[in-house]
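Take a look at the structure set out below.
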Amino acid sequence: MSAAPLPEGDWIRGISIKQPWATAILTGAKQVGNRPQHWSWRTWVLLHASQQIDRPALRLPLVARTIREQRLSTGAVVGIARITGCHQDPNGSPPCSPWAHAGSWHVELADVQELPLLVPARGQLGPWKPAPDLLDQVFQQCPGFRP
């Protein structure tokens with residue numbers, strides 16, 4: 001018996017994230033992504049580790065503790081996640097997470113799943129629509145996944 005097919009249409013996007021931030025998300029520790037603008041859509045996303053590494057971030061104690069002994073893959077889809085909301089912390093309030101940057105919009109991530117194998121992909125700035133063959137390669141690794 002085969003699994004039900006994935007839905008058609010506009011239900012998933014890709015987001016490119018520099019390392020080590022992508023790995024921090026995969027560990028489950030980083031549950032918010034910092035963005036300059038509000039994201040109104042709620043959807044599943046492919047987590048793409050961009051080609052660039054944020055080298056200064058590697059020296060931050062929170063990052064170093066979180067990614068210790070993890071691979072920092074680049075240029076590939078490394079996982080999937082669901083965006084459940086987007087908020088900004090009220091002025092003067094403490095940050096919602098140690099990962100939250102003041103003044104940024106915090107994209108809330110849930111149901112993060114790391115892929116067993118990397119799927120090489122280009123990615124791009126801003127949310128992007130993944131090609132069907134890329135989705136096929138990703139979801140071959142997640143046979144029980146259903147949005």
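These values consider heavy atoms only, across backbone and side chains, with no hydrogens, waters or symmetry-generated copies.
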Solution key, residues 90-99 side-chain donor-acceptor pairs under 3.5 Å, sequence neighbours excluded:
unit_1: S93; atom_1: OG; unit_2: P90; atom_2: O; d: 2.7
unit_1: S97; atom_1: OG; unit_2: W99; atom_2: N; d: 3.0
unit_1: W99; atom_1: NE1; unit_2: A29; atom_2: O; d: 3.2

From CG (L135) to CH2 (W11), nearest 0.5 Å: 6.5 Å

Give me the atom names and distance for the closest heavy-atom approach of R42 to G85. NE-CA, 3.2 Å

Would you say the side-chain atoms of N34 pair up with the backbone N or O of H101, donor to acceptor, closer than 3.5 Å? yes

Transitive ILVMFWY side-chain link W105 to W39, under 4.5 Å: no

Around atom CZ of R122, are there more than 12 heavy atoms of other residues, nucleotides or ligands at under 6.0 Å? no

Say you draw a straight line from CZ of R35 to OG of S104; how long is it, rounded to the nearest 0.5 Å? 9.5 Å

Nearest 0.5 angstrom please: L47 CG to I15 CD1, how far? 5.5 Å

Identify the two heavy atoms, one from T84 and one from A110, that lie closest to each other, and give their separation to 0.1 Å. CG2-CB, 3.7 Å

Measure the shortest side-chain to side-chain distance between L134 and H48 over non-hydrogen atoms and say whether it is less than 4.5 angstrom. no

Measure the shortest side-chain to side-chain distance between K129 and R13 over non-hydrogen atoms and say whether it is less than 4.5 angstrom. yes

Do V107 and V32 have side chains that get closer than 4.5 Å, going by heavy atoms? no

Are the side chains of V45 and I12 in contact, using a 4.5 Å heavy-atom criterion? no

Assigning hydrophobic clusters by single linkage (Ile, Leu, Val, Met, Phe, Trp, Tyr; side-chain heavy-atom cutoff under 4.5 Å), is I53 placed with L125? no

For I17 and A22 the tightest heavy-atom approach is CG2-N, 3.7 Å

Below 4.5 Å, heavy atoms only, C-beta onward: do V78 and L115 meet side chain to side chain? no

Quick check on Q52: does its CD atom have over 12 non-hydrogen neighbours (other residues, nucleotides or ligands) under 6.0 Å away? no

Atom pair CG (L109) and NZ (K30), whose distance is rounded to the nearest 0.5 Å: 7.5 Å

Do V119 and W128 land in one hydrophobic cluster if side-chain heavy atoms of ILVMFWY residues count as linked below 4.5 Å? yes

Please find the pair of heavy atoms, one from D89 and one from A100, that lie closest to each other, and give the distance. OD2-CB, 4.2 Å

Test your reading of the model: is there a side-chain donor-acceptor pair from Q141 to the backbone of L117, 3.5 Å cut-off? yes

Just by distance, do the side chain of Q31 and the backbone of E108 share a donor-acceptor pair under 3.5 Å? no

Minimum side-chain heavy-atom gap F139-I80 below 4.5 Å: yes

Pairs of donor and acceptor atoms involving the side chains of residues 64-76, under 3.5 Å and at least two apart or interchain, shall be tabulated with distances.
unit_1: T66; atom_1: OG1; unit_2: L62; atom_2: O; d: 2.7

